[in-house]
Amino acid sequence: MKLMRISLTFYVLALLLSVASNGAAQEAGKLTYADFETVKDNRPVSNRGGLIQLFAYQESPSLQAKFKGMVGSNPPAPDLVRLRKDDPNRVITFDYSLPAPNGYAGVTVEIHGQADHDGKAVADDVSGYKYLTFQAYATGVEDLRVEIISKGQGVTTNGYPQMVFKISPGFNMYKIPLKSLAQPSWAQRISEKDVLKKLTSINISAYCDKCKPVNGTVVLDNLVFQN
């Protein structure tokens, strides 16, 4: 009987600690997706080991968009730097060049939330959050574009939900309401909620439409989902 009372006491205590822990997690109400303090194989990865890579696209094959990131990285990765020598915080950065004439062009940093499993992207359910926040600095373009991506999860489209936001001078915090993300008008329709439930990456792009020649730099830090 004494043993049963002790076991019951420990069970109740464990249950109370579990409830308290869950409550604290809910109060925190956030998921740190990538703060760029994690390095694997000498390249930046997201907080849970997700791949971070750069790629470029353009309308004209003969006028290719170009970028410069971490030297020798394969696949190409943004550079990982400190803004000041005495500041331990690290950010990712890349330079880009968008040529003209091009109907469209861009350079994108793709950030996976988790490390791939058996060669396939692993999904996160972030549908319970209201905002995506991050710090950004950019020169050259006036706007950046953020997209939410779901690949290999049964959500298929030729244009994912996205939002364009205007860049202010300096290194600033931006708060993107997830309900404001929308597909381009020409895209095959999907539910934005389905993408948020099966998110595999966040893409942030320096881009142009009806391009004029532009060169610049992008700096990013602290991608966080929160309420």
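For the single chain, residues carry numbers from 1 onward in sequence order. Given the structure is predicted, the values throughout are model-derived calculations rather than measurements.
Val122 belongs to no hydrophobic cluster, as no Ile, Leu, Val, Met, Phe, Trp or Tyr side chain comes under 4.5 Å of its own. Residues near Val71 contribute nothing to a hydrophobic cluster around it, because no ILVMFWY side-chain heavy atom sits closer than 4.5 Å to its side chain. Applying the under-4.5 Å side-chain rule to Ile, Leu, Val, Met, Phe, Trp and Tyr, the cluster around Leu63 consists of that residue alone.
Counting non-hydrogen atoms of neighbouring residues, nucleotides and ligands closer than 6.0 angstrom, the CG atom of Asn42 reaches no more than 12 such neighbours.
For the residue pair Thr133 and Gln226, a side-chain donor N or O sits within less than 3.5 Å of a side-chain acceptor on the partner. Side-chain atoms of Gln64 and Gln58 form no donor-acceptor pair, as typed in the model, at a separation below 3.5 Å. Between the side chains of Thr157 and Gln183, at least one donor N or O lies within less than 3.5 Å of an accepting N or O.
Residues meeting the ring-ring contact (aromatic ring centres under 6.0 Å, His included) test with Tyr33, sequence neighbours left out: Phe225. Under the salt bridge (charged side-chain N to carboxylate O under 4.0 Å, His left out) criterion, Asp86 pairs with Arg84, not counting sequence neighbours. Qualifying side chain to side chain contact (heavy atoms under 4.5 Å, CB included) partners for Asn47, counting only residues two or more places apart in sequence or in other chains: Thr32, Ala34, Asp35. With sequence neighbours left out, the salt bridge (charged side-chain N to carboxylate O under 4.0 Å, His left out) criterion links Arg189 to no other residue. With sequence neighbours left out, the salt bridge (charged side-chain N to carboxylate O under 4.0 Å, His left out) criterion links Glu59 to no other residue.
Residue pairs meeting the disulfide (SG to SG under 2.5 Å) criterion with at least one member in residues 74-139, sequence neighbours excluded, do not occur. Residues in residues 141-161 take part in no ring-ring contact (aromatic ring centres under 6.0 Å, His included) pair, two or more places apart or across chains. Sorted by first and then second residue, the pairs that involve residues 97-156 and meet ring-ring contact (aromatic ring centres under 6.0 Å, His included), not counting sequence neighbours, are Phe134-Phe165. Contacts classified as ring-ring contact (aromatic ring centres under 6.0 Å, His included) and involving residues 49-73 (residues at least two apart or in different chains) are not found.
Contact between Ala56 and Val107 at its shortest, heavy atoms only, is CB-CG2, 4.1 Å. Across every non-hydrogen atom of Ser46 and Thr38, the tightest pair is O-CB, 3.9 Å. Listed here is the closest heavy atom pair of Ile167 and Ala138: CG2-O, 3.9 Å.
Atoms CD and CD1, on Gln162 and Ile149 in that order, are 8.5 Å from each other to the nearest 0.5 Å.
The backbone N or O of Gln188 sits less than 3.5 Å from a side-chain atom of Asn158, completing a donor-acceptor pair.
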